Colleague: 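Following this message is one structure expressed as structure tokens.
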Amino acid sequence: MSGIKIITAGESHGQALVGVVEGLPSNLPLSQEDIDKELKRRQMGYGRGGRMKIESDKAEILSGVRWGKTLGSPISIKITNKDWANWSQGMSVSSEDEGSIEAVTRPRPGHADLTGAAKYGFKDIRNILERASARETTTRVAVGAVCKRFLSEFDIFTGSFVTSIGSVKTSSLPDSPYSLDNGGLIELFKMAEDSPVRAPHDTQIMVSAIDEAIEAGDTLGGTFIVFSTNVPVGLGSHIQWDRKLDGRLAQAIMSIQAVKGVEIGMGFNAAALHGSQVMDEIYYTKPKTPQFGFYRKTNNAGGIEGGMSNGMPIVLSAAMKPIPTLRKKPLKSVDLLTKSPIEAAYERSDTCAVPSCSIIAESMMAIVIADAFLDKFGGDAIDEIKTNYYNYMKYLSGI
Ligand code: EPS
């Protein structure tokens with residue numbers, strides 16, 4: 001069923017990270033800069049640790065693009081880890097370097113450490129934490145940038161903004177931010193782009209909350225909204241569970257490290273209301289250009305009904321838990337080898353990565369929307385897809 005196939009590879013302190021995406025059409029203009037600007041956005045954000053001072057992520061497109069345009073063949077992208085220089089023995093491929101650094105044996109609660117080591121049969125937790133690390137999301141953002149580039153051909157835009165850091169909530173948001181129109185969502189996105197915590201309001205209070213957590217050697221989570229505008233009616237399907245767009249998006253966002261909750265549109269708040277307060281009533285205006293004439297004045301459904309996009313902006317919110325690696329307050333754990341109670345290992349870490357998480361969520365959303373778009377309008381060359389898309393829009397305006 002899938003229009004796009006993606007695989008990512010790489011360890012946090014290995015030589016490089018690699019992403020491969022197959023299924024995008026030929027003749028799509030694509031440059032390394034398209035990817036680098038997204039990689040840079042992911043690296044920003046107040047509250048990151050020392051690693052972000054070492055890395056300045058750059059994409060190297062290895063295949064699938066010739067003379068600035070895609071070939072339709074798999075696009076592979078490499079991002080070199082600068083920190084590799086400090087890990088060339090500790091993360092070496094060669095058996096000759098075995099034992100060159102001490103094994104990690106104190107599993108950190110909240111990480112993949114314990115279950116991963118048990119399940120994969122390791123006594124050195126590094127074999128798990130290197131891949132479980134959120135460093136892996138670099139490749140998701142690289143591939144997401146390619147999908148964003150594809151969607152921009154159809155004027156589809158994906159953005160995000162942070163709505164809380166720890167207990168500090170962005171004030172002055174409308175009561176139902178999911179019901180904002182394209183312009184309203186994009187305005188908040190633009191304000192967030194100028195904020196070190198990617199929040200449209202209350203940046204300074206959030207920065208102070210992060211400073212307090214840094215001081216305390218603790219960490220902070222938060223929430224954000226991620227949205228797509230101009231998504232045509234009818235992506236996804238009610239026909240089968242794995243084709244439902246809301247299910248596909250929830251899985252994609254939930255798969256981001258430390259994300260513990262995803263809501264679509266009004267989300268959990270809908271459960272306490274009556275049906276009359278929740279559904280988005282239907283209106284019609286005869287369209288002047290080829291588009292769907294049916295619309296809603298509210299968007300409690302977050303742009304998805306019956307597992308299909310309904311023409312309204314797609315709006316999700318997500319919650320990220322605080323990062324479990326704690327500098328001054330190590331959590332109780334048990335040593336894998338001695339089985340004695342011990343404090344969890346501390347490895348250099350971030351204090352708050354919610355701003356980065358919102359960028360990663362944009363990428364995941366772009367991947368899912370591009371995938372669903374190709375399911376519906378699929379073709380081998382970009383012009384073929386455009387023909388399919390415009391024919392459908394013409395058809396929609398006539399119904
Ligand atoms: C991470 C730990 C830190 C973060 C890392 C995620 O890395 P390090 O162990 O090298 O200090 O900076 O995030 C990234 C490297 C990144 O690119 O986002 C972890 O344990 O998940």
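As the structure is a prediction and not an experimental result, all values here were calculated from the model. Both ligands and their constituent atoms are indexed starting at 1 by order of listing. Worth knowing before you read on, the calculation uses all heavy atoms, side chains too, and leaves out hydrogens, waters and symmetry mates.
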Colleague: Counting C-beta onward and ignoring hydrogens, is there a side-chain heavy-atom pair between L396 and I399 closer than 4.5 Å?
Modeller: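 When only atoms from C-beta onward are counted, I399 and L396 do touch, with a gap below 4.5 Å.
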Colleague: To the nearest 0.5 Å, tell me how far D335 CG sits from I342 CD1.
Modeller: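 Going from the CG atom of D335 to the CD1 atom of I342 covers 4.5 Å.
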Colleague: Would E305 and R296 pass as an ion pair if we require N to O under 4.0 Å?
Modeller: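 So E305 pairs with R296 through a salt bridge.
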Colleague: Are the side chains of I369 and L235 in touch, meaning some heavy atoms are under 4.5 Å apart?
Modeller: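 Yes, close enough: below the 4.5 Å cut-off.
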Colleague: What are the atom names and distances for all N or O pairs under 3.5 Å between ligand 1 and the protein?
Modeller:
from: ligand 1; atom 1: 9 (O); to: R348; atom 2: O; distance (Å): 3.4
from: ligand 1; atom 1: 10 (O); to: H13; atom 2: NE2; distance (Å): 2.7
from: ligand 1; atom 1: 10 (O); to: R51; atom 2: NH1; distance (Å): 2.8
from: ligand 1; atom 1: 10 (O); to: R348; atom 2: NH2; distance (Å): 2.8
from: ligand 1; atom 1: 11 (O); to: R348; atom 2: O; distance (Å): 3.2
from: ligand 1; atom 1: 11 (O); to: R348; atom 2: NE; distance (Å): 2.6
from: ligand 1; atom 1: 11 (O); to: R348; atom 2: NH2; distance (Å): 3.4
from: ligand 1; atom 1: 12 (O); to: D350; atom 2: OD1; distance (Å): 3.4
from: ligand 1; atom 1: 13 (O); to: R48; atom 2: NH2; distance (Å): 3.4
from: ligand 1; atom 1: 17 (O); to: R42; atom 2: NH2; distance (Å): 2.6
from: ligand 1; atom 1: 17 (O); to: R135; atom 2: NH1; distance (Å): 2.8
from: ligand 1; atom 1: 18 (O); to: R42; atom 2: NH1; distance (Å): 2.9
from: ligand 1; atom 1: 18 (O); to: R42; atom 2: NH2; distance (Å): 3.3
from: ligand 1; atom 1: 18 (O); to: R48; atom 2: NH2; distance (Å): 2.7
from: ligand 1; atom 1: 21 (O); to: S133; atom 2: OG; distance (Å): 3.4
from: ligand 1; atom 1: 21 (O); to: A134; atom 2: N; distance (Å): 3.0

Colleague: Enumerate the ring-ring contact (aromatic ring centres under 6.0 Å, His included) contacts for residues 300-352, please, sequence neighbours excluded, ordered by first and then second residue.
Modeller: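 Every candidate ring-ring contact (aromatic ring centres under 6.0 Å, His included) pair involving residues 300-352 fails, so no pair, neighbours aside, qualifies.
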Colleague: Can you confirm whether I101 sits close enough to W87 that some side-chain heavy atom of one is under 4.5 Å from a side-chain heavy atom of the other?
Modeller: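 A side-chain contact under 4.5 Å exists here.
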